[in-house]
Amino acid sequence: MRHWLMKTEPGEFSLDDLKRRPGRTAGWDGVRNYEARNHMRDGMRLGDRILVYHSSVKVPAAVGTAIIVREAHPDASAWDPASPYHDPRSTPKRPVWLMVEIRFESEFARPVTLAEMRAMPGLKDMPLLRRGMRLSVQPVKPEEFAIIARLGGRAAE
DNA sequence: GCCAACGTTGGC
DNA sequence: GCCAACGTTGGC
């Protein structure tokens, strides 16, 4: 089992939104970056654990966890002209963009802020902490996942 | 194929 | 709101 971090702007879609969905699941559509797509396609497998991270907010933070419940499949929003994620290069015959489906697992007792992560020696190699890192789907080491889960007030398992 | 210009991301 | 960093685009 691998571990990942997925960014989302809570104004668009938050961990709370995920929790309120029927079945507490959601398709993670709208990823329009090749490296992120390739992580979903080549790396993510059923049961992998996700850190859900809220970006573009006053206090950016990891707020909880989720699990992959469906592996990469075509992202239909790409060929929907009405979607903000529309990309005419992608068609049902030749999909360019992919999505996974995730299910809510836990909400941290308290958010683990970016500043807090920067202060933890055990997290210093996380891509998230690198200057200018914008990748919205990133691999996370099991140790890093455990540290963050513990900071958030949740047993690491 | 190079690379400058441009648009976007996202912390601060 | 600023702006650094990055990915993408398009002229050549």
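Remember, predicted model here, so these are calculated numbers, not experimental data. Below, chains carry the letters A, B, ... as their sequence lines are ordered, and counting in each starts from 1.
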Among [options], the nucleotide that comes nearest once only the side chain of [X] is considered:
X: A:Leu114; options: B:dG10, C:dA5, B:dC12; result: B:dC12
X: A:Glu35; options: C:dA4, B:dG10, C:dG7; result: C:dG7
X: A:Tyr34; options: C:dA5, C:dT8, B:dC12; result: C:dT8
X: A:Arg134; options: B:dT9, C:dA4, B:dG11; result: B:dT9
X: A:Arg89; options: C:dT9, C:dC6, B:dC12; result: C:dT9

Between [atom2] on [N] and [atom1] on [X], what's the gap in Å once rounded to a whole number?
X: A:Leu128; N: B:dC12; atom1: CG; atom2: C1'; result: 15 Å
X: A:Met117; N: B:dC12; atom1: CE; atom2: P; result: 11 Å
X: A:Met133; N: C:dC6; atom1: CE; atom2: P; result: 7 Å
X: A:Leu135; N: C:dT8; atom1: CG; atom2: C1'; result: 15 Å
X: A:Arg118; N: B:dG11; atom1: CZ; atom2: C1'; result: 8 Å
X: A:Arg37; N: C:dG7; atom1: CZ; atom2: C1'; result: 14 Å
X: A:Lys7; N: B:dG11; atom1: NZ; atom2: P; result: 6 Å
X: A:Lys58; N: B:dG11; atom1: NZ; atom2: C1'; result: 14 Å

*Compare all side-chain heavy atoms of A:Asp17 with those of A:Arg21 and state whether any distance is below 4.5 angstrom.*
no
*What does A:Arg32 touch in the nucleic acid at a heavy-atom separation under 4.0 angstrom: a base, only the sugar-phosphate, or nothing?*
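Counting heavy atoms under 4.0 Å across all strands, no contact is made by A:Arg32.
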_Using ring pair (Phe, Tyr, Trp, His ring centres under 6.0 Å), reason through A:Trp4 and A:Tyr53 one step at a time and then give a plain yes or no._
CA-CA 10 Å; A:Trp4 307 91; A:Tyr53 175 85; over 10 Å; no
*Can you tell me if A:Asp75 and A:Ser77 form a side-chain donor-acceptor pair at under 3.5 Å?*
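Present: a donor and an acceptor within the cut-off.
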*More than 12 foreign heavy atoms under 6.0 Å from CZ of A:Arg32: is that the case here?*
yes
*A:Ile50 side, atom CD1; A:Thr65 side, atom OG1 - distance, nearest 0.5 Å*: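 Separation between the atoms: 9.5 Å.
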